[in-house]
Amino acid sequence: MQVRLEKSSTHGFGMNIDNRGVVVSVVPRSPAAQSGVPAGAQIVGVNGAAVDGKPDIYAQLGASGASKRVAEFSLQLADSTPPFTPSTP
């Protein structure tokens, strides 16, 4: 599964990930939530580059311009990621 994620200056990405690269939680109405990133998703790639855990994810995001106020990224999620269920705002 691949999602496009835009960082906002107010919410950042709006997701918390553990050291393995698994999304632990997603902030409602955040860029991650609006892009359909579900809690429990395993992030395995950023902008097409393979990542293995939180340090790799942050390194790849930094190399791709995450320090900018607004930036857009493509996240690759493992095929075992749970299905996305939209929440009601």
Side-chain angles (χ1 to χ4, degrees):
M1 174 182 188
Q2 181 166 311
V3 296
R4 295 199 66 72
L5 182 63
E6 183 176 309
K7 175 185 151 190
S8 77
S9 58
T10 54
H11 288 107
F13 297 110
M15 63 181 171
N16 296 306
I17 58 173
D18 68 13
N19 287 333
R20 300 170 297 150
V22 174
V23 178
V24 176
S25 62
V26 179
V27 177
R29 293 186 277 294
S30 68
Q34 292 172 351
S35 295
V37 177
Q42 171 94 41
I43 300 171
V44 296
V46 176
N47 290 340
V51 294
D52 184 24
K54 189 175 189 174
D56 278 357
I57 293 166
Y58 283 126
Q60 201 52 238
L61 288 172
S64 300
S67 61
K68 297 178 184 175
R69 285 180 55 116
V70 176
E72 186 173 290
F73 302 92
S74 174
L75 296 181
Q76 291 75 49
L77 307 178
D79 290 335
S80 61
T81 294
F84 171 63
T85 305
S87 60
T88 306

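All of these numbers come straight from a predicted model, not from anything done at the bench.
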- Message: Measuring only between side-chain heavy atoms, which start at C-beta, is I17 closer than 4.5 Å to V24?
- Response: no

- Query: If you take all heavy atoms of Q60 and V51, which pair is closest and at what distance?
  - Reply: CB-CG1, 4.0 Å

- Would you give the length of the straight line joining atom NZ of K54 to atom CZ of R20, rounded to the nearest 0.5 angstrom? 11.5 Å

- Would you indicate whether the side-chain heavy atoms of L77 and P38 approach each other to under 4.5 Å? yes

- Query: Do L75 and M15 touch side chain to side chain, with heavy atoms closer than 4.5 Å?
  - Reply: yes

- Transitive ILVMFWY side-chain link Y58 to V23, under 4.5 Å: yes

- Query: Do you know the tightest heavy-atom contact between S30 and G14?
  - Reply: OG-O, 3.2 Å

- Considering all heavy atoms, the nearest R29-Q34 contact: O-NE2, 3.3 Å

- Give the cluster check for V37 versus V44: same hydrophobic cluster or not, with ILVMFWY residues linked at side-chain heavy-atom distances below 4.5 Å. no

- For D52, enumerate each residue passing the salt bridge (Lys or Arg N to Asp or Glu O under 4.0 Å) test, keeping only those at least two apart in sequence or located in another chain. none

- Task: Using modelled atom types only, decide if a donor and an acceptor are shared between the side chain of Q76 and the backbone of V46 within a distance under 3.5 Å.
- Result: yes

